[in-house]
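Side chains included, hydrogens not; waters and symmetry mates left out as well; all remaining heavy atoms used.
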Amino acid sequence: MNYTTNDISAISNPAADISGLIKDNGIHSSLYTDPNIFALEMDKIFQECWVFVGHLSEVPKRGDYIRRHIGCEPVLMFRTGDATATVLTNRCTHRGNLLCQEEKGRRRAITCQYHGWVFNLDGDLVDRPFSGGYCDKGGELDLRKAKVAIYRGFVFATFAKNPVSLEDHLGNGRHALDRASNLSPEGELDLFGGWTKHIFNSNWKMLVENNTDGYHVNHVHDSFARGIQVQYKYENVLKSEEDKLEAFVRDMGDGHAEIEYGQTYSKPLFWFGVESDRFPDYVSSMEAAYGKDEANDILTKGPPHTYIFPNLFIAEVSMVVIQPISAGKSINWNTPLYLKGAPDAVNRRMLRQGEAALGPSAFLLADDAVIGDRQWRALHGSPGWLDLSRGESRETVAADGTITSHYSDETPNRGFWRHYRTLFS
């Protein structure tokens, strides 16, 4: 692949012609470093696509709320019914004051601490002190309200006027949310553990690419995987012979991608680093819920390692949310993938196993953060074209349109950028 400066000079305004910065097997580094492109992404992707906001289990009662972001916009997610939620901007329509400062809480109404304006949980302005000084503006001063759709308890929101359905957005990625939820004997996650947040000095798309990149594992995380010695867990992916690796990558379409580790586990709960007799109550409850054969299949295959465009990553025993801050700064949120109805001992192990990879003193996350920082600094100071051609010749297309390839191939990254390009075409 030979790119020249002529490829760049043909683009008079890269931020206005983003699709010209993406080839079938390569991208230009300005996609990471240009603040104008970042601003366009916040509008075109994070305002107009379905974005993961939270999980219903985080707001178990009506009036419960959590603070989140849709791109750079602060929002509140309220529980409003048995299986419903509302997502509103966390910004008063009067003078722009942040309405809720606490990360989570419970409200019967939302009152601005600046001038006392009051909004109900649907975002409607219902009261203003000294209202005689105002003219009626109808609903013009209501809080901005996102469209909301929910799948298996996962709450997605968008500010698009006419979005595609959430099911169309998720596409083949739905199976990952099913797979994670079905690890629970009740078929639901229960994300009660709170979130750990790490700042990355790198572009949000670098976090995305890294999450489904198997090529770096042997090089970046070798000491971590060998040091913690989780039985059964990393035996296959640390092989030095390329043809011995059984895990593979998959481009699922619509920007979603994954690494499939399921076939590397020969018995139930090997992904958990244990034999199934370690948690007999859990196995029994799963068999009662799904039947013996299906429970055996679920517990053998284990959780997904799947990225859902644009900001959600199911990282096996943890859930990750990617929050963009600026062209060169992002926040990686993570929480344990607790399972509703599972024994406490199972959820404790979920926490401990996730901590080893993504916790406050974990090695894996620190490894990735250092690489991301170095990558962004190098590209910011020296722009150019980057190669994404690994494994092009050995991809296999399935009947459902998904594309699979070797564990170390860049198939997921190419899939991400193909979808990204369609959003700016």
For [Y] together with [X], are the ring centres under 6.0 Å from each other?
X	Y	value
Y338	F192	yes
Y307	F313	no
F52	F156	yes

Distance only, no hydrogens: is a donor on one side chain within 3.5 Å (strictly under) of an acceptor on the other, for [X] and [Y]?
X	Y	value
D368	H221	yes
K329	N201	yes
H305	E316	yes
N120	D124	yes

Taking all non-hydrogen atoms of both residues into account, name the closest pair between [X] and [Y] and its distance.
X	Y	value
S19	S425	CB-OG, 4.3 Å
E73	R91	OE2-NH2, 3.6 Å
A295	Y290	N-CB, 4.1 Å

With L189, the side-chain contact (heavy atoms from CB on, under 4.5 Å) member among E58, R152, M319:
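The single option meeting the side-chain contact (heavy atoms from CB on, under 4.5 Å) with L189 is M319.
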Which residue in the set F46, F38, Y420 passes ring-ring contact (aromatic ring centres under 6.0 Å, His included) when paired with W204?
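Result: among F46, F38, Y420, F46 is the only option passing the ring-ring contact (aromatic ring centres under 6.0 Å, His included) with W204.
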Pair E275 + R278, salt bridge at N-O below 4.0 Å:
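The answer is no: the pair does not qualify as a salt bridge.
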Salt bridge or not between K145 and D122? Use side-chain N to carboxylate O under 4.0 Å.
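Salt bridge flag = yes for D122 with K145.
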Does any N or O in the side chain of N90 come within less than 3.5 Å of the main-chain N or O of C100, such that one atom is a donor and the other an acceptor?
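Present.
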To the nearest 0.5 Å, tell me how far C49 SG sits from I70 CD1.
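The SG atom of C49 sits 11.5 Å away from the CD1 atom of I70.
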Would Y261 and Y407 count as a side chain to side chain contact (heavy atoms under 4.5 Å, CB included) if you check the C-alpha gap in whole Å, the side-chain angles of each, and the deciding distance to 0.1 Å?
CA-CA 9 Å; Y261 289 112; Y407 178 66; 3.0 Å; yes
Apply the side-chain hydrogen bond (donor to acceptor under 3.5 Å, both in side chains) test between D24 and each candidate in R418, R414, R421; give the one that qualifies.
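Only one of R418, R414, R421 forms a side-chain hydrogen bond (donor to acceptor under 3.5 Å, both in side chains) with D24, namely R421.
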Apply the side-chain hydrogen bond (donor to acceptor under 3.5 Å, both in side chains) test between Y32 and each candidate in E209, Q375, H380; give the one that qualifies.
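By the side-chain hydrogen bond (donor to acceptor under 3.5 Å, both in side chains) criterion, Y32 pairs with just one of E209, Q375, H380: E209.
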